[in-house]
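Heads up: the structure comes next, in C-alpha cells.
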Amino acid sequence: MATDTHPGEHHGHHGAGRYWVIWGALLVLTLITVVTGRMHMPTFGLMLALIIATTKGALVALFFMHLSEHQGLNRLFFAVSLLFVLLMLAIPLIDLGTRYRYATPPGSQYSDMQAIDIGANAQQGRYGGNQKKPTSQEQSEAH
Amino acid sequence: MQSSASTAGAPAAPVPRLAMHFASLEVQDNAARLGMWLFLTTEILLFAGLFICYGVYRFLFPEAWAASSRSLDLTLGTVNTVVLITSSLTAALAVHYAKTGKNKAVAVQIFLTLLMAIGFLVIKYFEYHHKFEIGTLPGRYYFYEGIQLPGAPMYFTVYFCATALHGLHVVIGMVVLAFAMVRALRKGDFGPNNYTMVELGSMYWHLVDLVWIFLFPLLYLV
C-alpha cells in the first residue's frame, strides 16, 4: 500500500518514496549552489543562487507542503504573498537606484561622503558624512 | 466539537471529529489548510521585510556585503542546510504515516525532526559564539579588525535579525511538533480522517525550511 503511487489522485495517498526523491533533489541543488557560490561569479552569481533557491523552495512548497494537491485558493494565497514580496523588494530598490546622489547614505557605493564610523565611538555615529563632532571651543568661537 | 469516547480502545480506526458548522470532513480539512496557508503568507511577508533590508543594504554596500559573507563559516552553514532539509523530509514522512494511522512511526519521525532541530540550534549557537568573540556584531558593537568597510556592521545587523527570527521559528515549530508527537504516543488517534494536527505542524516546519533555503545562499554565498 505504501509503495503504490498515484500522483494524479486528489488528496490521494502517495508512497513515501516520493518524499525521498524530493529530499535527494534538494540535497543535489544544495550541492550545486554551494559549488557555484564558492566561485563568486561577479554578476551572475546572485541570480543563479536565487534561481536555485526558488527551485528548492518550489519543491518544498509543492510536494512537502502539498501545495500541488491543495485547493486552488491555497495556491492563490501563496502566489499573492509572493507578488507582494516582489513589490516590496522592487519599490525600495527603484527608489535607491534613482536617487539624487547626495541623498544616499554616506559611505555607500553611490555616495561621495565619508562613512559614519559607529564602531569606535557611539557619539560619532550622530555626526554623519564629513561632519566632525563640534568641539566646545568651536562652539564658543561661533557665539 | 463532538467528543468520541470510543476511540481510546481502537487507535487503528479513529472516529472523524467533525465540527457541526462544517458540511463534511473534507470541507473541514480544507478550511484548516486554507487558514494555515493564510497564516503562512503573513509569515512569508514577515521574513520578506528582512530580505528587503538585505537587498537594499546589499545594493548600497556591495563590497562590505561580499567581504562579510565570506567571513561566515560556509561548512557550518552547509551542514545546517542539510540538517534542516532532512528534518523537513522526516516532517513530511510524519504526515505520510499519520494518514495511514501508524502512530508509532509518526512519533519516531517527529522525534527525528526534533533531534535535527536541536542539532541546527546547537550549530547556530557555535556560529553566534564565534561572532561574539571576534566582534562581527551589529552597529556600534562591531569591533572586528579584519573587515573595516562602511556597511559591514549593517550586514551583521541583517544577519543577526534574520537568523534570530528564523531561530525563534525553529523553536516554535519544535513546540508545535512536540505536541503532535505526544499525542501520537499517548492517544495514538491519528489516521486517515484525523491528521490535520500533524499536517499543519509539518507545514509550519516546511516554512521554516523554506526561509532557510533562501537565507543560506544569501548570507553565506552571496
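Naming: A, B, ... by sequence-line order, numbering from 1 per chain.
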Take A:Leu26 and A:Trp23 through the test side-chain contact (heavy atoms from CB on, under 4.5 Å) and record every step on the way to the result. CA-CA 5 Å; A:Leu26 289 172; A:Trp23 176 69; 5.5 Å; no
Can you tell which of A:Leu31, A:Leu82, A:Leu89 has the highest number of heavy-atom pairs within less than 4.5 Å of chain B? A:Leu89
Of the backbone (N, CA, C, O) and the side chain (C-beta and beyond), which part of [X] lies under 4.5 Å from a heavy atom of chain B, both, or neither?
{"X": "A:Val34", "result": "both"}
{"X": "A:Thr54", "result": "both"}
{"X": "A:Thr30", "result": "side chain"}

In chain order, what residues pass the ring pair (Phe, Tyr, Trp, His ring centres under 6.0 Å) check against B:Phe47, with sequence neighbours excluded? B:His169
In terms of heavy-atom proximity below 4.5 Å to chain A, should B:Ser88 be classed as side chain, backbone, both, or neither? both
B:Thr42 versus chain A, the contacting section by heavy-atom distance below 4.5 Å: neither
By residue number, those in residues 62-75 of chain B with heavy atoms under 4.5 Å from heavy atoms of chain A are B:Pro62, B:Arg70, B:Leu74
Leading residue by heavy atom contact count with chain A [cutoff under 4.5 Å; candidates [options]]:
{"options": "B:Ile44, B:Thr86, B:Leu210", "answer": "B:Thr86"}
{"options": "B:Ile85, B:Thr78, B:Leu137", "answer": "B:Ile85"}
{"options": "B:Asp209, B:Leu38, B:Leu207, B:Leu45", "answer": "B:Leu38"}
{"options": "B:Gly49, B:Ala92, B:Ala152", "answer": "B:Ala92"}

Should B:Met181 and B:Leu114 be marked as a side-chain contact (heavy atoms from CB on, under 4.5 Å) after you check the CA-CA gap, both sets of side-chain angles, and the distance that decides it? CA-CA 10 Å; B:Met181 182 176 77; B:Leu114 293 180; 4.0 Å; yes
Atom [atom1] of [X]: over 12 foreign heavy atoms under 6.0 Å:
{"X": "B:Phe126", "atom1": "CZ", "result": "no"}
{"X": "B:Phe59", "atom1": "CZ", "result": "yes"}
{"X": "A:Arg38", "atom1": "CZ", "result": "no"}

Applying a criterion of heavy atom separation less than 4.5 Å, what residues of residues 44-52 of chain A form contacts with chain B? A:Leu46, A:Ala49, A:Leu50
Side-chain polar contacts of residues 211-222 of chain B - donor-acceptor pairs under 3.5 angstrom, sequence neighbours left out - could you list them?
| unit_1 | atom_1 | unit_2 | atom_2 | d |
| --- | --- | --- | --- | --- |
| B:Trp212 | NE1 | B:Thr81 | OG1 | 3.1 |
| B:Tyr220 | OH | B:Lys124 | NZ | 3.0 |
| B:Tyr220 | OH | B:Glu127 | OE1 | 2.6 |
| B:Tyr220 | OH | B:Glu127 | OE2 | 3.1 |

For B:Phe120 and B:His166, what are the C-alpha separation, side-chain angles and deciding distance, and is it a side-chain contact (heavy atoms from CB on, under 4.5 Å)? CA-CA 11 Å; B:Phe120 178 88; B:His166 179 261; 3.5 Å; yes
Side-chain ion pair, B:Lys99 and B:Glu199, N-O less than 4.0 Å: no
Please tell me whether B:Phe160 and B:Tyr128 form a close aromatic pair, meaning their ring centres lie under 6.0 Å apart. yes
Between [X] and [Y], what is the shortest heavy-atom contact and its length?
{"X": "B:Val83", "Y": "B:Met116", "result": "CG1-O, 3.2 Å"}
{"X": "B:Val56", "Y": "A:Pro92", "result": "CG2-CB, 3.8 Å"}
{"X": "B:His96", "Y": "A:Ala16", "result": "CE1-N, 3.5 Å"}

Checking side-chain contact (heavy atoms from CB on, under 4.5 Å) for the pair B:Tyr155/B:Arg58: CA distance, chi angles, key distance, verdict? CA-CA 8 Å; B:Tyr155 174 87; B:Arg58 186 194 160 111; over 6 Å; no
